[in-house]
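The block underneath contains the structure these notes are about, expressed in structure tokens.
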2 protein chains.
Amino acid sequence: MIKADEEQRKTVSVYAVRIARLREKLAAAGLDALLVTRPENRRYLSGHRSPDPSSATTAGWLLVGPARAMLLTDCIEYEAARQQVRPLEVVQAKISLREAMAEALLSYRRVGFEESHLVFGTYRFLAEKTQGEVELVPVPGMVEELRIIKDESEHAAIRKAAALTDQALAHVLAGMRPGTTEREVAWGLECWMREHGAEGMAFRPIVASGPNAALPHAGASERPIAAGDPVVIDIGARLDGYCGDLTRSFCLRKAGPRYLEVYRAVGEAQQAALSTMRAGVSGKEIDTIARERLMAAGYGEAFGHSLGHGVGLVVHEGPRLAQTSTDVLAEGMVVTVEPGVYLPGWGGVRTEDLVIVRKDGVEVLSGALKEPVIKGVEA
Amino acid sequence: MIKADEEQRKTVSVYAVRIARLREKLAAAGLDALLVTRPENRRYLSGHRSPDPSSATTAGWLLVGPARAMLLTDCIEYEAARQQVRPLEVVQAKISLREAMAEALLSYRRVGFEESHLVFGTYRFLAEKTQGEVELVPVPGMVEELRIIKDESEHAAIRKAAALTDQALAHVLAGMRPGTTEREVAWGLECWMREHGAEGMAFRPIVASGPNAALPHAGASERPIAAGDPVVIDIGARLDGYCGDLTRSFCLRKAGPRYLEVYRAVGEAQQAALSTMRAGVSGKEIDTIARERLMAAGYGEAFGHSLGHGVGLVVHEGPRLAQTSTDVLAEGMVVTVEPGVYLPGWGGVRTEDLVIVRKDGVEVLSGALKEPVIKGVEA
């Protein structure tokens with residue numbers, strides 16, 4: 001019993017700390033409160049796990065002021081919210097959610113809102129209802145700035161999602177044979193993850209073979225995979241809200257000398273980046289290190305995307321490892337490191353690991369084998 | 001060859017007709033063009049099937065003017081878009097999508113945008129870039145008004161999605177036994193649909209048993225289903241973009257007299273509504289007919305939601321069958337008819353069919369059996 005109590009206190013305090021940090025940001029920005037409509041931000045600040053029912057409806061909005069922090073929800077979502085959201089006040093909207101929110105906004109003068117998430121029509125409604133009383137201020141990404149550095153509970157959740165992703169890949173690769181289609185592999189991976197605890201996919205799985213492997217964002221087609229085809233698999237489980245993200249490339253059964261050369265170049269670029277990463281190094285610097293390696297190997301042009309991105313409640317978030325990035329690595333950030341080489345008509349190779357940034361280096365979370373040739377099942 | 005050509009011409013003409021109808025609406029509203037950002041509306045007008053990569057990024061936007069209709073996309077999505085979107089011009093953004101859209105907007109004076117989909121930040125960007133040149137006008141749902149009446153190709157797609165949903169339910173019910181959990185049933189249904197051609201679920205499956213069946217929007221928990229438990233299953237396959245939507249209720253192996261009474265009352269309310277439905281009848285009228293039947297049976301209070309909604313590219317769309325609805329049924333509409341009775345602590349019954357509205361009645365698409373007791377597999 002004591003242990004359970006402690007566990008609960010710890011959980012409650014995680015959200016209390018996050019709300020306190022948001023309040024510091026609000027004060028610094030001269031805002032009285034923040035209206036939080038993005039579901040991942042709602043979850044981050046309150047522990048509210050219910051997903052939005054659809055892209056046009058919400059399971060609830062937060063309003064965080066200096067003294068009060070409340071989750072506003074409707075009659076359908078109220079009971080679940082009350083059970084999930086321990087440290088926050090949960091309020092049930094009597095008429096519509098936006099009517100109730102307009103009323104709640106009137107307690108403040110300057111209220112920020114998430115301009116990359118709130119749709120114009122809802123903004124217009126709230127602005128009209130509070131006209132002359134409340135100044136609504138567009139805010140680009142205040143909670144996202146907090147989310148960029150992960151705490152220990154988040155590291156634990158991402159570690160679990162990464163491990164499940166590793167295991168799914170090992171399981172499905174062991175059963176591959178020439179003739180298996182891309183879609184069969186993708187579905188096999190998704191099934192394995194869902195049946196072993198994933199609540200969903202972090203993103204649409206990519207299984208790209210042959211010439212498809214030259215497209216960085218291919219999906220999974222009906223193409224049968226032949227022996228010797230280059231294959232790129234990019235997948236991630238979602239677990240307790242947090243995302244895994246893993247890419248492995250290989251040829252089934254046999255690989256030609258060109259494949260082995262590209263594979264080695266990508267691996268060396270990744271290794272060079274990984275061994276330079278630590279708190280204090282810039283995202284641009286790390287991208288440059290990998291990019292220069294690939295250039296030196298003659299594949300600079302063939303690496304058309306950036307080196308990596310943060311991963312958390314969303315699979316693409318800050319920081320960015322890219323030529324245009326102004327981010328600097330800090331302890332606790334979780335990022336992907338994923339150089340790739342894509343040769344139109346031939347195929348491609350991408351290798352991606354998920355890592356936690358530490359003071360003196362990185363902790364690699366991805367444990368999947370890196371092998372340029374896999375055997376699959378015997379025919 | 002001739003047949004394939006004809007097929008293609010027919011497909012192209014479907015989109016040409018839709019664009020022409022949108023242009024009539026634009027003219028009537030005094031708008032020069034409409035910026036379409038909602039993915040389902042993009043698909044409806046252009047045939048573009050690629051989903052948006054995430055809630056924060058788009059696979060492309062449409063800009064429909066009196067003479068020109070273009071799909072603007074980025075380098076990653078361009079090739080797929082060009083192959084999918086036959087009747088429209090496909091333009092690749094050189095820098096960012098929103099920069100390119102701001103430039104394209106400058107060809108017009110008054111441009112509508114979808115205020116229930118466009119986020120405030122993007123509106124602000126476009127408004128600042130075109131200030132003094134273009135008036136941006138919020139539009140609530142212009143393409144949604146077109147989508148409310150379905151054409152034959154849409155009926156065919158929804159018919160397929162409904163049939164697949166029926167088959168999945170029959171397959172999974174045949175394998176149920178006491179002790180099967182709600183989540184196992186939900187996952188079994190999803191697997192069957194995905195493995196038989198569904199591209200995804202139309203919505204998160206609901207499998208609610210025992211007291212959970214009293215919550216209209218329950219998900220699927222780890223609760224094992226016992227013999228005699230009331231069970232509500234609400235599912236739908238998504239196929240070619242279109243949604244199925246089906247609810248069946250039953251007890252496993254045995255049902256008490258109260259269950260049979262509630263089941264009969266729900267069935268009679270549904271039948272009364274179905275037999276009154278035809279083009280020209282109002283959504284409010286139909287809801288009233290079902291509601292009065294349940295009231296007469298003593299379950300008026302226990303029917304807490306509206307009777308039905310339109311289904312198409314989105315699982316909840318117009319028209320609404322509800323007390324607050326102002327919609328009138330018209331030929332070609334596709335709607336659900338789903339009365340329900342929910343008794344807290346005990347459970348609930350909901351029966352839902354998907355129908356096409358015809359001149360003199362309805363065509364019922366749902367073919368799943370309606371039985372208050374199912375046997376499942378022998379123990």
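All of these numbers come straight from a predicted model, not from anything done at the bench. The chains referred to below are lettered A, B, ... by the order of the sequence lines, with proteins before strands, and numbering in each begins at 1.
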Applying a strict 4.5 Å limit to non-hydrogen atoms, the region of Arg124(B) in contact with chain A is side chain
Turns out that what part of Phe113(B) lies under 4.5 Å from chain A's heavy atoms comes down to side chain
Does Arg49(A), at its CZ atom, have more than 12 non-hydrogen atoms belonging to other residues, nucleotides or ligands within less than 6.0 Å?
no
Most contact-rich option vs chain B, by heavy-atom pairs under 4.5 angstrom, among Thr57(A), Leu215(A), Val119(A), is Val119(A)
Rounding to 0.5 Å, atoms CD (Glu195(A)) and CD (Glu184(B)) come to a distance of 10.0 Å
When the 4.5 angstrom heavy-atom criterion is applied to Pro140(B) and chain A, the contacting part is neither
query = Is it the case that more than 12 heavy atoms not belonging to Glu301(A) sit under 6.0 Å from its CD atom?
reply = no
With chain A, the option among Arg194(B), His316(B), His117(B) that has the most non-hydrogen atom pairs under 4.5 Å is Arg194(B)
Could you check whether any side-chain heavy atom of Pro51(B) comes within less than 4.5 Å of a side-chain heavy atom of Arg204(A), counting everything from C-beta outward? yes
Greatest number of non-hydrogen atom pairs under 4.5 angstrom with chain A, of Glu114(B), Glu190(B), Glu77(B), falls to Glu190(B)
Rounding to 0.5 Å, atoms OG (Ser116(B)) and CZ (Phe125(A)) come to a distance of 12.5 Å
Value for CZ (Phe120(A)) from CG (Leu126(B)), rounded to nearest 0.5 Å, stands at 11.5 Å
